[in-house]
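Take a look at the structure set out below.
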Amino acid sequence: MPSEVALAELANVSKSFPGVVALDDVSFAIHAGEVRALLGKNGAGKSTLIKILGGVERPDTGTLRVAGDTVTFKGPSDAMGMGIATVHQELACAKELTVAENIMLGRWPRSRFSGISWPKLNAQAREALELIGLRIPVTESISNLPLAQVQLVEIARAISVGARLLILDEPTSSLAGDEVSYLIEVVKRLADQGIGVIYISHRMDEIERVATSVTVMRDGKIVGNMPMSQTSHREVVELMIGDTAVQHASTVREKSSIGNVILSVRGLRMEPRVSEVSFDLRVGEILGIAGLLGSGRTETIRAIVGASNAEAGEVSFDGQPLLKRNIRSTRNAGIYMTPEDRRNQGAITTLGVDENLILASLNRISSFGVLNKAKMNNTVRQSIKNLDIKIARPEDTLGTLSGGNQQKVVIGKALNTEPKVLLLDEPTRGVDVGAKTQLYDLMRKLSNDGIAIVFVSSEAEELLEVCDRIVVLRNGRIEEELDPQDLDMGTLQEAMMK
């Protein structure tokens, strides 16, 4: 049960950035042994709240207390020193180092001769892993671990420095079902040890399984605080969205007639993840690829566009084999892929929104290698308008945008190449309910305009809402083809997990 004195508390905190009120008189508390779900649309204020708790930002007004004492953090190290650790959605492990070196990073024990004491380092790392019940070799390189274990190593690192409050930002956004279940058990284990956990996620099914309480934010304010047992999925979504009508798309979507085959994949192989994949995609069709993490989804579409080299197989576009496949040649043909990792592969977060939107289409807005500013500005203006990208100025740095708006920019960059086929790899990853709905509507509009779409997702519900047809990928093979009109979410999830 939570203790009386809060581990950390914000009292009447406000925080503003140029043109944006991020937090508006927010009071929030988290206790020992509590798993508090923090929910809200992108831009609701969640990130700013946890940045203040983590020492990244300072409040303009209000008070921050830790264990009842008023504190002022000068930086993240101050927060860590008082037992507050954050594990971010974008993992920060050093891939070149071992598990033990990552867990003990910055705290490597010294030997009597001033070198590193490797026995002590490895022993202390094992103790940290034991606290979360993870048994992996501490001398293994992080680069050899699956993503789920990398996530747990980061949690072990936080616990090893004595964290009493653990902030988990979208911890399962890239994990498969069984990996999600394991992480949830780890979180429950930590709560039983008296550690408080702030758990940020857009997946209500896991929130209901792990959280003891829930806080909902909207427009920089807290609009709901309640025990998890006393609320429902519907109530949470309504609190997040506010007066906006809560609607769910019909699984039988109205669409223009689907045309002839435009993309044909036969016998695609790229071991160990892709064993044998064959499918056809038609003009104006939204084809869903369902599968758990590790099933070969991302590897399949990377092989199609030539981002990874396939060992065998043929890809034909508009009836003609693509004999030479690389990103440039497939893009020139009219095939474009948006990657799952938008921050590291789909965009450059340190550049402006305008620069990102035209990165892949410079040849269309240039003459003899010279950028035509008028064409660029017109292209950027139209993209922002058509995709409803929320920004103050086109030159604003992409990294300052919410996840949903960043994803719109990534898709906008793709659309500015005028593709005929779009391969979307987890386009709604880490995106809130409202932004997801906008992306679904965008996909439907694009398909009605004749663009063929491959929609890769690990979320059964959204595949059922958007797709005309779904293929199930298991162990590198397409094992089933399903009609969304004849499916429910449980049936599709079962097909993915066989």
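All of these numbers come straight from a predicted model, not from anything done at the bench.
- A side chain to side chain donor-acceptor pair (under 3.5 Å) check over residues 96-106, counting only residues at least two apart or in different chains, returns the pairs T98-E101.
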Check your understanding: Taking it one step at a time, do D425 and T298 satisfy side-chain hydrogen bond (donor to acceptor under 3.5 Å, both in side chains)?
Key -> CA-CA 7 Å; D425 190 4; T298 294; 2.7 Å; yes
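- At least one side-chain heavy atom of L105 sits less than 4.5 Å from a side-chain heavy atom of L97.
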Point to revise | Test side-chain hydrogen bond (donor to acceptor under 3.5 Å, both in side chains) applied to T428 and E462, step by step | key: CA-CA 9 Å; T428 65; E462 65 181 4; 2.8 Å; yes
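- Judged by distance alone, the side chain of N405 and the main-chain N or O of K390 form a donor-acceptor pair under 3.5 Å.
- With a 4.5 Å cut-off on side-chain heavy atoms, I391 and I384 count as touching.
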**Study point:** Step-by-step salt bridge (Lys or Arg N to Asp or Glu O under 4.0 Å) determination, E130 to R135
**Key:** CA-CA 7 Å; E130 286 174 3; R135 291 179 174 82; over 6 Å; no
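- Taking 4.5 Å as the limit, some side-chain heavy atom of L398 sits within range of a side-chain heavy atom of V409.
- Distance check, rounded to the nearest 0.5 Å: CG of L401 to CG of D396 gives 7.0 Å.
- In this structure, G412 and L387 approach most closely via the heavy-atom pair CA-CD1, 3.3 Å.
- Side-chain atoms of E299 and S308 form no donor-acceptor pair, as typed in the model, at a separation below 3.5 Å.
- If you take CZ on F73 and CE on M82, they are separated by 6.0 Å, rounding to the nearest 0.5 Å.
- The side-chain contact (heavy atoms from CB on, under 4.5 Å) test with N225 singles out one residue from V214, T215, V216, and that residue is T215.
- Counting heavy atoms from C-beta outward, V66 and R164 have side chains that approach closer than 4.5 Å.
- Across A156 and I103, no two heavy atoms sit closer than the pair CB-CD1, 4.2 Å.
- Cation-pi geometry between K436 and Y440 is not met: the NZ or CZ atom fails to fall both under 6.0 Å from the ring centre and inside 45° of the normal.
- Taking CD1 of I470 as the start and CG of L463 as the end, the distance is 5.0 Å to the nearest 0.5 Å.
- Between the CD atom in E9 and the CG atom in L64 there is a gap of 9.0 Å [rounded to 0.5 Å].
- In this structure the side chain of I155 reaches within 4.5 angstrom of the side chain of L183, judged on heavy atoms.
- With values rounded to the nearest 0.5 angstrom, L357 atom CG is found 11.5 Å from I411 atom CD1.
- The shortest side-chain heavy-atom distance between I198 and L166 does not fall under the 4.5 Å cut-off.
- Under the 4.0 Å criterion applied to side-chain N and carboxylate O atoms, R477 and E479 are not assigned as salt-bridge partners.
- Judged by distance alone, with hydrogens and angles left aside, the side-chain atoms of T231 form no donor-acceptor pair with the main-chain N or O of M228 at under 3.5 Å.
- Residues D192 and R189 are not paired through a salt bridge, judged by the lack of any N-O separation under 4.0 Å between the basic side chain and the carboxylate.
- Atom CE of M104 is separated from atom OG of S160 by 6.0 Å, given to the nearest 0.5 angstrom.
- At a threshold of 4.5 Å between non-hydrogen side-chain atoms, the residues I184 and E206 count as touching.
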Practice item. Start with the C-alpha distance between V99 and T139, add both sets of side-chain angles, then the distance that settles side chain to side chain contact (heavy atoms under 4.5 Å, CB included), and finish with yes or no. Key: CA-CA 6 Å; V99 169; T139 55; over 6 Å; no
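- Put simply, the side chain of K74 reaches to within 4.5 Å of the side chain of R58, judged on heavy atoms.
- Ion pair E154/R157 flagged as a salt bridge, since at least one NZ, NE, NH1 or NH2 atom sits closer than 4.0 Å to an Asp/Glu carboxylate oxygen.
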